[in-house]
Amino acid sequence: MKCRMCGFEFDETKLENRGCSSCGKHGCNSIHCPNCGFANSPELDEEFEFIVKLKNKIKNRKKASS
(Lines give C-alpha, C1' and ligand atoms only; values in the text may rest on other atoms or scores of the structure.)
Protein backbone atom coordinates (compact mmCIF):
# COMPACT_ATOMS: atom_id res chain seq x y z
CA MET A 1 0.00 0.00 0.00
CA LYS A 2 1.16 3.54 -0.71
CA CYS A 3 0.26 6.22 1.83
CA ARG A 4 -1.88 8.96 0.27
CA MET A 5 -0.35 11.54 2.60
CA CYS A 6 3.43 10.99 2.52
CA GLY A 7 3.88 8.48 -0.34
CA PHE A 8 5.57 5.86 1.89
CA GLU A 9 5.07 2.32 0.55
CA PHE A 10 4.45 -0.47 3.04
CA ASP A 11 2.90 -3.93 3.30
CA GLU A 12 -0.34 -3.47 5.22
CA THR A 13 -0.60 -7.20 5.91
CA LYS A 14 2.59 -7.11 8.02
CA LEU A 15 1.57 -4.28 10.36
CA GLU A 16 1.01 -5.27 13.98
CA ASN A 17 -1.25 -2.33 14.90
CA ARG A 18 -3.37 -1.69 11.86
CA GLY A 19 -6.80 -0.16 11.82
CA CYS A 20 -8.67 0.65 14.98
CA SER A 21 -5.90 -0.29 17.37
CA SER A 22 -3.86 2.65 16.04
CA CYS A 23 -6.46 5.40 16.13
CA GLY A 24 -8.78 4.35 18.96
CA LYS A 25 -11.92 4.38 16.80
CA HIS A 26 -13.95 1.19 16.64
CA GLY A 27 -14.90 -0.07 13.20
CA CYS A 28 -12.98 2.49 11.12
CA ASN A 29 -11.15 -0.12 8.97
CA SER A 30 -8.38 2.38 8.23
CA ILE A 31 -4.77 1.33 7.81
CA HIS A 32 -2.39 3.76 9.48
CA CYS A 33 0.89 4.54 7.75
CA PRO A 34 3.87 3.46 9.87
CA ASN A 35 5.79 6.51 8.60
CA CYS A 36 3.39 9.40 9.22
CA GLY A 37 0.35 7.83 10.97
CA PHE A 38 -2.15 8.93 8.30
CA ALA A 39 -5.31 6.78 8.20
CA ASN A 40 -5.52 5.26 4.72
CA SER A 41 -8.86 3.74 3.80
CA PRO A 42 -8.72 0.62 1.59
CA GLU A 43 -12.33 1.21 0.53
CA LEU A 44 -11.47 4.70 -0.69
CA ASP A 45 -8.55 3.32 -2.71
CA GLU A 46 -10.86 0.80 -4.40
CA GLU A 47 -13.40 3.51 -5.23
CA PHE A 48 -10.70 5.83 -6.55
CA GLU A 49 -9.26 3.04 -8.74
CA PHE A 50 -12.75 2.44 -10.18
CA ILE A 51 -13.17 6.14 -10.96
CA VAL A 52 -9.78 6.30 -12.71
CA LYS A 53 -10.65 3.25 -14.85
CA LEU A 54 -14.04 4.72 -15.73
CA LYS A 55 -12.47 8.06 -16.64
CA ASN A 56 -9.93 6.35 -18.91
CA LYS A 57 -12.67 4.31 -20.58
CA ILE A 58 -14.67 7.47 -21.35
CA LYS A 59 -11.54 9.22 -22.63
CA ASN A 60 -10.75 6.28 -24.94
CA ARG A 61 -14.30 6.28 -26.32
CA LYS A 62 -14.06 9.98 -27.14
CA LYS A 63 -10.76 9.40 -28.97
CA ALA A 64 -12.22 6.48 -30.93
CA SER A 65 -15.26 8.46 -32.07
CA SER A 66 -13.17 11.45 -33.24
Side-chain angles (χ1 to χ4, degrees):
M1 170 176 266
K2 185 174 183 178
C3 178
R4 290 189 322 273
M5 179 66 76
C6 70
F8 182 72
E9 292 191 35
F10 59 97
D11 185 355
E12 69 272 14
T13 61
K14 295 185 179 181
L15 294 177
E16 284 185 32
N17 296 325
R18 64 174 270 182
C20 297
S21 61
S22 296
C23 69
K25 294 181 182 177
H26 297 285
C28 73
N29 297 325
S30 294
I31 299 170
H32 294 263
C33 175
N35 188 52
C36 70
F38 182 75
N40 294 279
S41 172
E43 293 85 12
L44 183 62
D45 287 343
E46 290 172 15
E47 289 177 26
F48 185 72
E49 185 178 328
F50 171 76
I51 292 169
V52 169
K53 287 180 182 179
L54 186 59
K55 181 181 164 186
N56 289 336
K57 189 173 185 177
I58 292 169
K59 186 187 290 185
N60 290 337
R61 278 192 177 173
K62 285 183 180 181
K63 285 182 182 179
S65 66
S66 298

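When reading the values below, keep in mind they use all heavy atoms of this one structure, side chains included, and skip hydrogens, waters and symmetry mates. What you see is a predicted model, and the numbers here were worked out from it, not measured in a lab.
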Check residues 50-58 and write down every donor-acceptor pair under 3.5 Å in which the side-chain atom is one partner and the other belongs to a residue at least two apart or another chain.
from, atom 1, to, atom 2, distance (Å)
Lys53, NZ, Glu49, OE2, 3.3
Asn56, ND2, Val52, O, 3.4

Nearest non-hydrogen partners of Arg4 and Ser41, listed with the distance: NH1-N, 3.3 Å
Contact summary for Asn40 and Lys2, nearest pair of heavy atoms: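 Shortest heavy-atom separation between Asn40 and Lys2 comes out as OD1-O, 4.2 Å.
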Pairwise distance SG(Cys33) to CD(Glu9) - rounded to 0.5 angstrom: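 Reported value, rounded in 0.5 Å steps: 10.5 Å.
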Of all residues at least two apart in sequence or in a different chain, which pass the side-chain contact (heavy atoms from CB on, under 4.5 Å) check with Asp11?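 Checked Asp11 against side-chain contact (heavy atoms from CB on, under 4.5 Å); matches are Thr13, Lys14.
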What pairs with Met5 under side-chain contact (heavy atoms from CB on, under 4.5 Å), at least two apart in sequence or on another chain? Cys3, Cys36, Phe38
May I ask you to test the Leu15-Phe10 pair for a side-chain heavy-atom distance under 4.5 Å?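 Yes, close enough: below the 4.5 Å cut-off.
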